[in-house]
Amino acid sequence: QVQLVESGGGLVQAGGSLRLSCAASGRTFSPYVMGWFRQAPGKAREFVAAISWSGGNAASADSVKGRFTISRDNAKNTVNLEMNSLKPEDTAVYYCAVRTNGRLLVTMTHLYDYWGQGTQVTVSS
């Protein structure tokens, strides 16, 4: 089992920044792909970013490319999402997830095995 706890969400004005963190505990953290997803009201959960176990490879959705940066610290068992130039359309609940059954950076939610409870990000216009 892997337990994930997100933090860092909140209310911010358009153009502002937030840093989300996800703390992992339980099974060994390092070999796994970590991802961030988000879900806006009435919409499906969507991929935001993912990072390889070494941190050497990362991928992000086109909608956040150039604005959001994913990083991880395996010594601290944390993965972070730095969000800059936030827009109202970034408003959603953000979830941290772990993929334990593969090394590829994938975008599909069903390929991630463990999820956090989510943290709300609200961007006002």
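These numbers come from the heavy atoms of this one structure, side chains and all, not from hydrogens, waters or symmetry mates.
Checked options Trp36, Phe37, Tyr32; the residue passing with Tyr112 is Phe37 (criterion: ring-ring contact (aromatic ring centres under 6.0 Å, His included)).
Within a 6.0 Å sphere centred on NZ of Lys65, other residues, nucleotides and ligands contribute more than 12 heavy atoms.
Sorted by first and then second residue, the disulfide bond (SG atoms under 2.5 Å apart) pairs involving residues 62-122 (not counting sequence neighbours) are Cys22-Cys96. Sorted by first and then second residue, the disulfide bond (SG atoms under 2.5 Å apart) pairs involving residues 39-78 (not counting sequence neighbours) form an empty list.
Atom OG of Ser125 sits about 14.0 Å away from atom NZ of Lys87, to the nearest 0.5 Å. To the nearest 0.5 Å, the span separating CD on Glu82 from CD1 on Ile70 amounts to 12.0 Å. How far CG of Leu11 is from OG1 of Thr122: 6.0 Å, rounded to the nearest 0.5 Å. Once rounded to the nearest 0.5 Å, the distance linking CG of Leu111 with CG of Leu105 reads 12.0 Å. Here CG of Asn80 is found 4.0 Å from CZ of Arg19. Values are rounded to the nearest 0.5 Å. Rounding to the nearest 0.5 Å gives a distance of 10.0 Å between CD of Gln1 and CG of Asp113.
Side chain of Arg67 to backbone of Ser85: a donor-acceptor contact under 3.5 angstrom is found. Looking at Asn74, its side chain does come within 3.5 Å of a backbone N or O of Trp53 through a donor-acceptor pair. In terms of modelled atom types and a separation under 3.5 Å, the side chain of Thr91 and the main chain of Val123 share a donor-acceptor contact. In this structure, the side chain of Gln39 does not engage the main chain of Ala92 through any donor-acceptor pair within 3.5 Å. Here the side chain of Arg72 pairs a donor or acceptor atom with the backbone of Ser52 at under 3.5 angstrom.
When all heavy atoms of Leu20 and Gly9 are compared, the closest pair comes out as CD2-N, 3.5 Å. Shortest non-hydrogen contact noted between Ala23 and Thr78 is CA-CG2, 4.3 Å. Considering every non-hydrogen atom in both Leu81 and Ala49, the closest pair reads CD1-CB, 4.3 Å. Shown here for Asn84 and Ser17, the closest heavy-atom pair between the two residues is OD1-OG, 2.8 Å.
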Inset, instruction - Take Ser63 and Arg38 through the side chain to side chain contact (heavy atoms under 4.5 Å, CB included) test and state the conclusion after the steps. - result: CA-CA 12 Å; Ser63 59; Arg38 66 186 182 186; 3.5 Å; yes

Legend entry - Residue pair Phe68, Leu18: steps toward the side chain to side chain contact (heavy atoms under 4.5 Å, CB included) verdict: CA-CA 10 Å; Phe68 291 11; Leu18 281 175; over 6 Å; no

Inset, instruction - Could you give me the CA-CA distance, side-chain angles and deciding distance for Arg99 and Leu104, then say whether side chain to side chain contact (heavy atoms under 4.5 Å, CB included) is met? - result: CA-CA 9 Å; Arg99 182 181 188 218; Leu104 295 179; 3.7 Å; yes

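Between Leu4 and Met34 the shortest side-chain heavy-atom distance falls below 4.5 Å.
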